[in-house]
Amino acid sequence: MRGALLRWYDREARDLPWRRTRDPYEIWISETMLQQTRVDTVIPYYERFLERFPTVESLADADADDLMEHWAGLGYYRRARNLRAAARQIVEHHHGDLPDEVDGLLSLPGVGRYTAGAVASIAFDRPAPIVDGNVARVFARFFGIRQDILAASVQARLWQEAETLARGRRPGDLNQAVMELGATICTPRAPECARCPLERRCNAHEAGDAAALPFKAARKAPKRVAAVAARITRNGRHLAARRPPGGLLGGLWELPGGELVSGETPEAAISRNLRERLGLTAKSCKTLGSVEQVFTHRHLELHVLRVETAGGRVRRREYDAHRWLSERGLNALPLSRIAQKAIALGR
DNA sequence: AAGTCGGGGAA
DNA sequence: TTCCCAGACTT
């Protein structure tokens with residue numbers, strides 16, 4: 001398998017920004033951004049992020065909002081926070097150099113089995129295995145694995161096969177070759193077997209069920225939830241609040257608000273949330289409209305209202321910061337997509 | 001083993 | 001619409 005893979009990879013590999021460097025820091029950043037995120041989405045974020053944070057030290061010193069500004073829109077925001085925490089750990093305990101083996105990499109926050117293997121093999125030429133969605137699909141077809149791909153026993157088999165593969169010369173390129181194959185030829189719906197360097201030895205192609213593999217149990221539909229957000233303006237400046245780190249959209253800014261519990265009207269919900277979370281009293285509300293965002297496990301409908309409040313000052317509860325900002329300042333904040341949509345409604 | 005955590009491109 | 005993406009981490 002290795003020879004055919006490497007010959008194909010040397011010929012067909014896409015020219016991607018992180019393939020032009022051997023810098024472990026840059027490869028680590030790319031692998032973290034690529035977690036559950038497509039190559040085309042990552043590229044502009046990768047370039048901008050490395051321009052702003054070119055070294056481990058600069059990342060370790062990053063300001064939280066500055067950091068989130070460079071991640072806003074990419075999703076899975078805990079990744080950004082973990083990157084900075086890991087950078088601090090690297091500066092503190094490793095003299096600013098990334099660990100060059102899987103075990104050391106695994107000790108960093110946000111680095112799991114996949115990312116540790118990717119950095120170890122690609123940046124340090126270690127024979128470390130990796131299994132991502134691409135590898136799992138290619139292997140399921142090649143080896144004819146017809147059980148639930150997420151089952152623990154199947155995962156163990158996949159990692160075992162990956163370990164065997166990475167034992168060859170150029171482990172980093174072997175790993176990347178399988179992922180490249182999965183991303184460009186051995187794709188989920190309609191694999192182009194005619195172009196595949198492994199066609200002749202592929203079990204699923206032989207059996208004629210490549211497009212049906214890998215098998216996955218159906219996922220549950222995202223739960224529908226509703227929330228409210230307030231456009232509050234005083235002296236021409238708009239109130240924004242920062243979500244606490246850790247949870248959903250952690251560290252991002254938004255128009256203040258909160259959940260709408262069942263049976264509650266948007267007006268009642270915004271009044272209650274502003275009182276409970278910001279100590280503000282709503283005097284009048286006007287609906288601006290609603291926006292939607294679908295997350296992996298949630299389908300959120302956000303009602304946006306213009307709210308006049310009594311004059312009292314803000315006393316924060318769950319939010320960990322707030323600011324009164326011009327329209328321009330508002331849009332310069334690190335905002336999630338749903339917050340961007342909500343702000344656009346009020347213009 | 002199942003749930004949490006974003007957003008978007010492709011079919 | 002549905003799927004799923006160079007996953008990690010908690011429960």
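The chains referred to below are lettered A, B, ... by the order of the sequence lines, with proteins before strands, and numbering in each begins at 1. Note that the coordinates shown come from a computational prediction; the quantities given were computed from them, not determined experimentally.
Mapped onto DNA chain B by nearest heavy atom, A:L150 and A:Q35 fall at different nucleotides, with A:L150 at the one closer to the 5' end.
Nucleic acid contact for A:A152: sugar-phosphate only, since backbone atoms but no base atoms lie under 4.0 Å from a heavy atom of the residue. Heavy atoms of A:T115 sit under 4.0 angstrom from primed sugar atoms or phosphate atoms, though from no base atom. When heavy atoms are screened at a 4.0 angstrom cut-off, A:V135 is found touching no nucleic acid atom at all. Within 4.0 Å (heavy atoms only), A:L74 reaches at least one base atom of the nucleic acid. Residue contacts for A:R113: at a heavy-atom cut-off of 4.0 Å it reaches the sugar-phosphate backbone alone, with no base atom in range. Nucleic acid contact class of A:R189 (heavy atoms, under 4.0 Å, all strands): base. In this structure, A:T41 reaches neither bases nor backbone, as no heavy-atom distance under 4.0 Å exists between it and the strands shown. Residue A:G73 is in sugar-phosphate contact alone, with no base atom involved, counting any heavy-atom pair closer than 4.0 Å across all strands shown. Contacts of A:Y114 with the nucleic acid, taken as non-hydrogen atoms under 4.0 Å apart, include base atoms. Among the heavy atoms of the strands lying under 4.0 Å from A:K220 are primed sugar atoms or P, OP1, OP2 only; no base atom is included. Among the heavy atoms of the strands, none lies under 4.0 Å from A:S30.
Taking atom CG of A:D132 as the reference point, atom C1' of C:dA8 lies 14 Å away to the nearest angstrom. Computed from coordinates, the A:Q155 CD to C:dA8 C1' distance equals 13 Å when rounded to whole Å. Atom-to-atom, CZ of A:R219 to P of C:dT1 comes out at 17 Å; the value is rounded to the nearest Å. Spacing between atom CG of A:L181 and atom C1' of C:dA6 amounts to 14 Å, rounded to whole angstrom units. At whole-Å resolution of the value, CZ in A:R79 and C1' in C:dA8 are 10 Å apart. Regarding A:L213, its CG atom lies at a distance of 12 Å from the P atom of C:dC4, rounded to whole Å. One interatomic measurement links the two molecules: OH of A:Y76 to P of C:dC5, which rounds to 11 Å at whole-angstrom precision. Residue A:R78 contributes atom CZ, which lies 8 Å from atom P of C:dT10 at whole-angstrom precision.
In summary, A:D148 and A:K216 do not engage in a salt bridge, as defined by a charged side-chain N under 4.0 Å from a carboxylate O. Under 4.0 Å is where a charged nitrogen must lie from a carboxylate oxygen, and between A:E254 and A:R243 at least one such pair does. Under a 4.0 Å N-O distance rule, the pair A:R170/A:D10 qualifies as a salt bridge. The residues A:E301 and A:R224 are annotated as not salt-bridged, no charged nitrogen and carboxylate oxygen being separated by less than 4.0 angstrom. A salt bridge links A:R272 with A:E276; the closest basic N to acidic carboxylate O contact falls under 4.0 Å.
Although no hydrogens or angles enter the test, the distance criterion places a donor-acceptor pair under 3.5 Å between the side chain of A:R141 and the main chain of A:L213. Put simply, the side chain of A:E26 never gets that close to the backbone of A:D23: no donor and acceptor are under 3.5 Å apart.
Taking the C1' atom of each, B:dG3 and C:dA6 are spaced 23 Å apart, rounded to whole Å. When the P atom is used for both B:dG6 and C:dT10, the distance is 15 Å, rounded to whole Å.
Between the side chains of A:N235 and A:W324, no donor N or O sits under 3.5 Å from an acceptor N or O. Side chains of A:T184 and A:E12: no donor on one and acceptor on the other come within 3.5 Å.
Close to C:dG7, at under 4.0 Å from its OP1 or OP2, lies a side-chain N or O of A:Q36.
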**Evaluation steps, ring-ring contact (aromatic ring centres under 6.0 Å, His included), between A:F49 and A:Y45** = CA-CA 6 Å; A:F49 191 93; A:Y45 282 91; 9.4 Å; no

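Within residues 2-24 of chain A, the residues having any heavy atom closer than 4.0 Å to DNA chain C are, in order of number, A:R14, A:L16, A:W18, A:R19.
Within the 6.0 Å centre-distance limit, the rings of A:W18 and A:Y46 are counted as a close aromatic pair.
Counting 5' to 3', DNA chain B first comes under 4.0 angstrom of a heavy atom of chain A and last does so at the ends given by B:dA1 to B:dG9.
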